Enquirer: 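Before I ask anything, let me first share the structure, which is written out below as structure tokens.
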Amino acid sequence: MKFNILIFTHATATHYPMNYLASIGSYAIMVREVFKKPTKWRIMKSLILKEIDDLIFGSLGIIIFISFFIGGVVAIQTALNISNPLIPRNLIGFATRQSVILEFAPTFTSIIMAGKVGSYITSSIGTMRVTEQIDALEVMGVNSLNYLVFPKIVAMFFYPFAVAIAMYIGILGGWIAGVFGGFSSSADFVEGLQLDFIPYHVTYSFIKSVVFAFVIATVPSYHGYYMKGGALEVGKAATVSFVWTSVVIIILNYVLTQLMLG
Amino acid sequence: MIEVKDLHKAFDGSPVLKGISTVFEKGKTNLIIGQSGSGKTVFMKCLLGLIIPDSGTICYEGQIYSQLTPEQQRDLRQEMGMVFQGSALFDSMTVEGNVMFPLEMFARQSRSEMQDRVEFVLRRVNLADAHKKYPAEISGGMQKRVAIARAIVMNPKYLFCDEPNSGLDPRTAILIDNLIQEITREYNITTVINTHDMNSVMEIGEKIVFLKDGIKEWEGTNRDIFRTDNEAVSNFVYSSELFKKVRQMYLEERD
């Protein structure tokens with residue numbers, strides 16, 4: 001049992017902002033513990049299905065809504081900034097595709113998910129901590145980290161499907177805004193979509209989304225699991241978790257882009 | 001039986017437990033009492049393995065907890081039942097789901113056998129009609145009884161209760177105390193109760209350990225507590241006028 005040591009480490013790191021290394025260390029130990037002493041498959045299966053429903057299907061509405069309008073805005077912004085008649089109108093479709101596939105679908109959606117799913121994960125696990133439900137699991141001999149966090153990690157591996165939907169809807173939003181806004185013809189837009197298409201960019205985007213999915217599942221879990229205090233602290237932990245999840249996503253986005261496209 | 005020897009625990013350099021040694025006997029309701037901040041909760045969490053003591057040993061029927069592997073510690077914990085102060089029921093599960101949970105996790109039984117066992121323990125705690133209700137839909141006393149049912153469903157060797165009757169009316173508190181004592185005797189388990197409640201001390205205190213500032217100040221039975229000349233125990237137990245009078249009457253009757 002290391003969790004009381006981890007709580008101390010986490011608290012120390014929270015009180016002394018320079019001590020980030022301690023937090024990273026306790027986060028790494030937490031991730032290792034998640035994969036130890038697995039829960040019975042029969043129970044785990046139902047937990048995973050529930051988390052897929054809560055985390056993925058429950059987020060599709062907001063993902064579709066945001067992607068549609070972001071795609072539309074990208075198309076309009078691109079069209080409004082093309083003042084030179086020598087620049088072909090198919091650039092609108094091209095720019096929409098590139099922006100949506102490379103950044104907006106995987107990264108922007110992940111930041112939204114860090115807010116929606118991340119705060120849900122932190123507050124639900126944090127509430128279990130303050131109401132001693134996690135202690136109850138530990139006393140029963142259950143590996144509470146495996147029971148609580150592992151299903152979320154597995155569920156979030158379905159996140160690339162949500163990102164694929166975000167890509168499709170984003171481009172659809174761009175097409176609707178471009179064509180029905182009178183900025184481009186449908187033929188020009190579709191030509192731009194097909195122009196210099198590099199399939200590896202989609203692979204890059206999916207790889208990023210898998211990494212972000214792991215971050216969205218584990219960083220908020222860490223903040224919920226090791227939190228101390230009462231109801232007010234649950235709210236604070238959810239806010240801190242959103243900030244840190246976003247920071248980690250943005251840093252990893254830079255690192256992965258440099259590694260895979262640089 | 002649980003034997004505790006020279007248990008020490010400090011947080012951030014401040015000692016909370018200072019060399020506690022005692023024995024909690026099988027088939028008896030063992031009570032830990034003391035003022036807030038005396039170290040009761042830390043002591044109980046050490047017994048449960050939720051906090052690792054700095055030094056000292058806790059021995060469960062000959063097995064020293066700190067010498068067990070993490071897997072053996074988890075196996076041992078499956079022999080423990082715990083009733084938390086706030087009940088700690090899983091909000092997302094029904095009463096039946098909560099009681100069934102340890103069986104689903106660890107028991108090698110068929111679904112119908114598990115169902116029978118859940119029925120039996122819910123009847124034992126007088127909650128035969130609450131199967132499908134959620135914790136938020138039942139009273140505090142009923143939640144405590146569900147917590148007791150969940151704690152005993154695996155036939156534990158050790159039962160720990162952290163202030164089991166806090167927040168309950170006196171009548172329900174007595175029912176909970178009696179239920180715990182009956183279960184302790186019926187299944188011959190080692191029960192350790194952390195309490196502030198003087199009614200519990202008088203009613204079911206077959207062995208009482210009084211903690212003060214992290215030290216075991218006194219131990220004895222509920223009968224010994226009437227006769228004790230330990231000032232700290234007297235000040236704590238007889239802080240109310242009612243209990244002072246009860247003690248006086250007891251001593252007069254005895255004389």
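Naming: A, B, ... by sequence-line order, numbering from 1 per chain. Everything numeric here is computed off the predicted structure, so don't read it as measured data.
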Enquirer: Using the ring of B:F11 (Phe, Tyr or Trp, six-membered ring only), decide whether B:K9 places NZ or CZ under 6.0 Å from its centre and within 45 degrees of its axis.
Expert: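 Yes, B:K9 and B:F11 form such a contact.
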Enquirer: In terms of heavy-atom pairs under 4.5 Å with chain A, which of B:K45, B:R150, B:M154, B:E71 leads?
Expert: B:R150
Enquirer: Please verify the inter-ring angle class for B:F24 with B:F43; under 30° counts as parallel, over 60° as perpendicular, anything in between as tilted.
Expert: tilted
Enquirer: Report the C-alpha distance between B:R74 and B:R77 in whole Å, list the side-chain angles of each, state the deciding distance to 0.1 Å, and finish with yes or no for side-chain contact (heavy atoms from CB on, under 4.5 Å).
Expert: CA-CA 5 Å; B:R74 281 207 170 105; B:R77 270 201 232 115; 4.2 Å; yes
Enquirer: So what's closer than 4.5 Å to chain A heavy atoms on B:D91: side chain, backbone, both or neither?
Expert: both
Enquirer: Counting only heavy atoms closer than 4.5 Å, note whether B:L89 contacts chain A via side chain, backbone, both or neither.
Expert: backbone
Enquirer: Which one of A:N143, A:T131, A:T127 has the most heavy-atom pairs closer than 4.5 Å to chain B?
Expert: A:N143
Enquirer: Taking atom types as modelled, is there a side-chain donor on B:Q72 or B:Q67 under 3.5 Å from an acceptor on the other?
Expert: no
Enquirer: As an exercise, state the distance from CD1 of B:I193 to CG of B:L31, rounded to the nearest 0.5 Å.
Expert: 5.0 Å
Enquirer: Which atoms of B:F160 are under 4.5 Å from chain A, going by heavy atoms: the side chain, the backbone, both sets, or neither?
Expert: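 No part of it gets close to chain A.
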